[in-house]
Amino acid sequence: MIMKNAEAQIGMIGLGVMGSNLVLNMADHGFTVAGYDRDPAKAAALSQTAGSPKVQGTADLAEFIALLRRPRAVMLLVPAGAPVDAVIEELVPHMENGDLIIDAGNSHFKDTDARAPKLKAKGIQFLGVGVSGGESGARHGPSIMPGGPREAYEQVRPVFEAVAAQVKGEPCVVWLGPGSAGHYVKMVHNGIEYGIMQLLAETYDFLKRGLGLNDDELSAAFAHWNQGELNGYLVEITSVIFAKADAKTGRRLIDEILDVARQTGTGRWTSQSAMELQVPVPTIDLAVAMRDMSDFTKDREQAGAVYRRPIRPVAGNCEVLLIRWGRALFTAIITIYAQGLALLGAASVKYGYGLDLAAVARLWRGGCIIRAGVLENINAAYQARPQLPDLLLDPKLARTVQEQQEDLRASVCQAVNAGVPIPGLMVSLGYLDALRSPWQPANLIQAQRDYFGAHTYARIDAPGTFHTDWEKP
Ligand code: 6PG
């Protein structure tokens, strides 16, 4: 053994791709790290890949604990849910007063809130930390969203700041708030991720089946968009995906992939939480629903046979249409960020996170899956007005949305006429239209509720609640 006892500055439990890559990233920045995985092959692979005395993997928990410097800081990168509790249970008997456990997985924020006090009672500090950026982010610089006691964060801050992605000399990590603030922000990050992915998929569908673009043309369109206001990681990888050949068939890989999308649940959690807090996030809800719908393969086949209506190809100048669709897509994407940030604002009040939404936008600029150029504008919007009630009310972004909303409207109409399903784009436009509508037909809903359930209604011209016998002549 090369690493001496009590030498490691931090420990990692869970040496899957994410865990090992984060360890290697820490070692690159000069930190001494011990890794534990109950699978000896994974533990050995870490030591071997690192090939450095600064990294040691082990499948022996007692040995792992002995390698850690006191007060110990142990990071968990294990699947959310029961595995996190199982690891904590195994770990706690080895830990001492003042030690720190960091859950860096996609844990549900309510689980984080439940775990922290139990550990605190045992003298152990707990941080719930969102980490975004996938395998390559973990290896070369993720976006990190920490929440929990501030003093606990200070203990590991140098490690986090060193390994995080850097944008304009700033690390993409900042302490977000107490309790489950970090996991909440990560959950909403994923909800936004679901929404953007759904809009990109719908746009792909329209360009493919409505406009008849082939994979090369699709790749070029997304690459071109990535050079402009739509610049962002998800747009960039979408372009790369269309160009990728299948090793098995030699054809484009995208055309060999089944049209059923899986999920681990973070998007659904975002929608559930939004419903609880009564904050509308319809594009995220829709994105979750469409993943579910994608699994209804048999029903889709049968309904396709019943409701026959072939896609009507769209004619027109392709270059002009692509410019319009890019503007439409960008406008719809802004509404998703607006929905996600409105939810964060409400959650911050409800759960006492005290979130700085400008700081959230800044740490999403690099490393994470939703990183995109527009986050600079979002950061600027919340820096100018930290209490901005809705992102769509920022004057600069509002100007863009105002200028481009007709592109979204026209694109939606075009896809609807062609018969290409674009429910995410429709719902984003609907969200915008509802938000900018001073009057909504909710008076009718109040009247209906009062009619059938005597739920009463409020009047425009007088305070209080009223009831009417609607059937009385
Ligand atoms: C990230 C990703 C990451 C992961 C999600 C995907 O930020 O790095 O969001 O957390 O890819 O688990 O979620 P689904 O499996 O639900 O699509």
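Whatever order the structure lists ligands and atoms in, that order sets their numbers, starting from 1. In what follows, every heavy atom counts, from backbone to side chain, and hydrogens, waters and symmetry copies are set aside. A quick note: this is a predicted structure, and the numbers were derived from the prediction, not measured.
In summary, Glu170 and Arg365 engage in a salt bridge, as defined by a charged side-chain N under 4.0 Å from a carboxylate O.
Partners of Asp216 by side-chain contact (heavy atoms from CB on, under 4.5 Å), not counting sequence neighbours, listed by chain and number: Asn214, Arg252. Under the ring-ring contact (aromatic ring centres under 6.0 Å, His included) criterion, Tyr194 pairs with no residue, sequence neighbours left out.
When atom types are taken as modelled, the side chain of Ser47 and the backbone of Gly57 share a donor-acceptor pair closer than 3.5 angstrom.
Other residues, nucleotides and ligands place no more than 12 heavy atoms under 6.0 Å from the NE2 atom of His224.
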List the atom pairs, donor and acceptor, that lie under 3.5 Å between side-chain atoms in residues 236-246 and the rest of the protein, sequence neighbours left out.
unit_1 : atom_1 : unit_2 : atom_2 : d
Thr238 : OG1    : Leu234 : O      : 2.5
Ser239 : OG     : Ser219 : O      : 3.0
Asp246 : OD1    : Lys248 : N      : 3.1
Asp246 : OD2    : Thr249 : N      : 3.2
Asp246 : OD2    : Thr249 : OG1    : 2.6

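Contacts of ligand 1 (protein heavy-atom distance under 4.0 Å) are Asn106, Ser132, Gly133, Gly134, Lys186, His189, Asn190, Glu193, Tyr194, Gln263, Thr264, Gly265, Thr266, Arg291, Ile369.
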